[in-house]
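Everything on this sheet refers to the single structure shown next.
Because the structure is a prediction, the values reported are computed rather than measured. Count residues from 1 along the sequence.
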Amino acid sequence: MSASSIGAAARERHWPGLLLAAGGATAFSGKAIIVKLAYRYGVDAVTVIMLRMLFALPLFLVLALWAGRGRPTLTARDWRAVTLLGFSGYYLASFLDFLGLQYVSASLERLVLYLNPTIVLLLGWLIFKRRTTTKQWIAMAVSYAGVLLAFGEEAQFAGAQAGLGTLLVLGSAVSYALYLTYSGEEVRRLGALRLTGLASSVACVLCIAQFVLLRPLSSLAAVAPQVWWLSLLNATACTFAPVLMVMLAIARVGPAATAQTGMIGPMSTIAMGVLILGEPFTPGVVAGTVLVLAGVALLNRWR
């Protein structure tokens with residue numbers, strides 16, 4: 001086979017991977033839009049996240065069983081690790097995110113969550129004393145300057161609530177960064193798909209149990225039909241499907257290209273926020289987005 005033929009075949013494999021990465025990033029971004037739409041029907045974060053996880057639980061259980069075929073049975077140590085990772089990476093991170101979305105726009109929420117690589121780097125520096133270069137500090141400063149710029153713009157519209165919402169979403173990002181920081185060994189032991197399925201299933205059970213403890217089951221009768229349909233869409237198109245799409249993209253084009261393509265996420269959230277939710281599209285939001293994306297891009301380049 002000629003060199004040109006080999007190159008053409010590689011490009012044919014490359015494009016589906018990039019499309020999967022872009023689709024996964026866009027679908028993940030749609031989660032915030034659906035949650036904001038659901039809040040318009042008078043439901044709270046406890047109810048919205050429970051419904052999302054209720055529909056997602058069977059899907060993640062199937063994923064865990066499928067990914068665990070032919071693999072060793074989980075030990076007690078594995079179950080403890082999966083439970084802790086599921087609590088931090090999926091339950092607590094999701095709940096804080098949903099709470100934050102009650103107070104801030106979908107655009108600001110996505111920008112704060114996109115700081116995740118910088119938070120992972122900071123945790124590595126604080127917890128494991130990993131060396132951080134001057135260039136990496138500069139990249140982080142650029143990203144955080146973007147969030148501060150977007151936050152300042154948001155505060156003009158939302159007032160004091162913008163601060164509370166931003167702190168809640170930042171807490172979500174830190175919780176998920178802790179999951180990423182400590183999940184490395186379990187990924188090697190269990191596999192990425194199996195760990196995702198198991199940890200997400202744990203989070204689903206926790207969200208359902210939280211609703212049962214905090215809300216009467218009779219309150220579900222008052223939930224608008226639109227919220228049920230939005231929750232089903234959230235669980236399938238914006239929760240389960242993106243996980244598979246991103247994993248398939250990583251298998252085809254690698255984690256670096258998948259992460260770079262994921263930069264479409266904040267931009268798609270802003271576009272959907274403006275078009276679907278009617279959120280303001282201001283110069284501050286645009287400039288903040290550019291700085292956040294630039295900072296994360298520089299951080300990936302200077303690792």
Does any donor atom in the side chain of Thr239 or Arg52 lie under 3.5 Å from an acceptor atom in the other side chain? yes
Quiz question: by atom type and distance under 3.5 Å, do the side chains of Thr75 and Asp78 form a donor-acceptor pair? yes
Nearest 0.5 Å, what's the CG-CD1 distance between Leu277 and Ile270? 12.5 Å
Atom pair NZ (Lys36) and OH (Tyr39), whose distance is rounded to the nearest 0.5 Å: 8.5 Å
Can you list everything that forms a salt bridge (charged side-chain N to carboxylate O under 4.0 Å, His left out) with Arg40? Sequence neighbours excluded, please. none
Are any side-chain N or O atoms of [X] and backbone N or O atoms of [Y], one a donor and one an acceptor, separated by less than 3.5 Å?
X	Y	result
Ser143	Val296	yes
Ser200	Phe60	no
Ser231	Val227	yes
Thr181	Ala177	yes
Gln210	Val46	no

Residue pairs passing the salt bridge (Lys or Arg N to Asp or Glu O under 4.0 Å) test where at least one lies in residues 91-100, sequence neighbours excluded: Lys31-Asp97
Among Leu54, Leu220, Val48, Leu206, which residue satisfies the side-chain contact (heavy atoms from CB on, under 4.5 Å) criterion with Phe211? Leu220
Find out whether [X] and [Y] are in side-chain contact, i.e. whether some heavy atom of one side chain is under 4.5 Å from a heavy atom of the other.
X	Y	result
Thr133	Arg131	yes
Phe55	Trp228	yes
Trp125	Lys129	no

Hey, what's the ring geometry for Phe87 with Tyr91, parallel, tilted or perpendicular (30° and 60° as the breaks)? tilted
Residue pair Tyr176, Tyr179: steps toward the ring-ring contact (aromatic ring centres under 6.0 Å, His included) verdict: CA-CA 5 Å; Tyr176 190 70; Tyr179 164 81; 5.4 Å; yes
Within the supplied structure, the quantity of interest is the number of heavy atoms (other residues, nucleotides, ligands) at a distance under 6.0 Å from Arg77 CZ; does it exceed 12? yes
For Arg130, check side-chain contact (heavy atoms from CB on, under 4.5 Å) against everything at least two apart and list the hits. Phe128
